[in-house]
Amino acid sequence: MTYDDSNVFAKILRGELPCHKIYEDDETFSFLDIMPRANGHALVIPKSPAVNLFDVDTATLCAAIRTVHMLAPIIRNAMEADGILIQQFNEAAAGQTVFHVHFHIVPRWEDTALKPHTGEMEDSEVLAENAEKISDALDVA
Ligand code: AMP
């Protein structure tokens, strides 16, 4: 599959679509999933275009996983989660719905079931509140 820069994450990177941003550096960008599987569900994307694991170059992938590694404990603390699930889907058959490579960071609690993948749209106020919690935790990290 060739990269199509009309995908939603490319639009978010260009500032053409809004998002609840939590982090950005030279190579990566992170924001909250609009249909979270759990409170505080975040996405990490590289700024370079790549569809998924099959075309991304190693340096780009390393930058993305470095950001996942940095953010996961901060999100766990900010959301007071018991654990963190990392998910990464490649191709539609595997559940990929947005064709710009990304990692999911999903907070988990012992007594809380995972919501379905791309289930219900979350209220903007809830996303804003969670983004603020995570950004505050990042500021003091
Ligand atoms: P995947 O199925 O792994 O490709 O995941 C794509 C994710 O992007 C899904 O979890 C969607 O809920 C999420 N998503 C789709 N559109 C947006 C958007 N505009 N802002 C934030 N997350 C989105």
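Order of listing sets the numbers, starting from 1, for every ligand and every atom in it.
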task = Report the part of Phe9 (side chain from C-beta onward, or backbone N, CA, C, O) that has a heavy atom under 4.0 Å from ligand 1; answer both or neither where that applies.
result = side chain

Ligand-side contact atoms (ligand 1) for residue partner Gly95, heavy atom cut-off under 4.0 Å = 1 (P), 2 (O)

request  = Classify the side-chain pair Gln88/Asn90 by whether it contains a donor and acceptor separated by less than 3.5 Å.
outcome  = yes

task = Report the distance from atom CE of Met1 to atom CG of Asn52, rounding to the nearest 0.5 Å.
result = 7.5 Å

request  = State whether the side chain of Thr60 and the backbone N or O of Val56 hold a donor-acceptor pair below 3.5 Å, judged by distance alone.
outcome  = no

inquiry  = For His41, run the side chain to side chain donor-acceptor pair (under 3.5 Å) check against Glu122, His104, Gln87 and tell me which one passes.
reply    = His104

query = Considering only heavy atoms of Phe89, which atoms of ligand 1 have at least one such atom less than 4.0 Å away?
reply = 3 (O)

ask   = When you measure from the side chain of His117 to the backbone N and O of Gly95, does any donor-acceptor pair fall under 3.5 Å?
value = yes

message = So for ligand 1, is Thr97 a polar contact partner (N or O within less than 3.5 Å, distance only)?
response = yes

ask   = Against heavy atoms of Leu43, which atoms of ligand 1 measure under 4.0 Å?
value = 8 (O), 22 (N)

query = What do you reckon, does His102 put a non-hydrogen atom under 4.0 Å from ligand 1?
reply = yes

His104 touching ligand 1 at heavy-atom level, < 4.0 angstrom = yes

key: Gap between atom CG of Leu71 and atom CD1 of Ile84 - 0.5 Å precision   = 9.5 Å

request  = Could you check which of Asp33, Asn7, Val8, Leu32 puts a non-hydrogen atom nearest to atom 7 (C) of ligand 1?
outcome  = Asp33

query = Evaluating non-hydrogen atoms only, which member of Ile12, Ile34, Val101 is closest to atom 23 (C) of ligand 1?
reply = Ile34

request  = Check if His117 has a non-hydrogen atom at a distance under 4.0 Å from any atom of ligand 1.
outcome  = yes

query = Within less than 4.0 angstrom of ligand 1, does Cys19 place any heavy atom?
reply = no

message = Just to check, does Phe31 reach to within less than 4.0 Å of ligand 1 when the distance is taken from its heavy atoms?
response = yes

ask   = Does atom CD of Glu16 have more than 12 heavy-atom neighbours, drawn from other residues, nucleotides or ligands, at distances under 6.0 Å?
value = yes

ask   = Should we say atom CD of Glu132 is surrounded by more than 12 heavy atoms from elsewhere, each under 6.0 Å from it?
value = no

key: Thr118: numbered ligand 1 atoms lying under 4.0 Å from its heavy atoms   = 9 (C), 10 (O), 11 (C), 12 (O)

inquiry  = For Tyr3 and Asp5, which I'm curious about, is there any donor-acceptor pair between the side chains at under 3.5 Å?
reply    = no

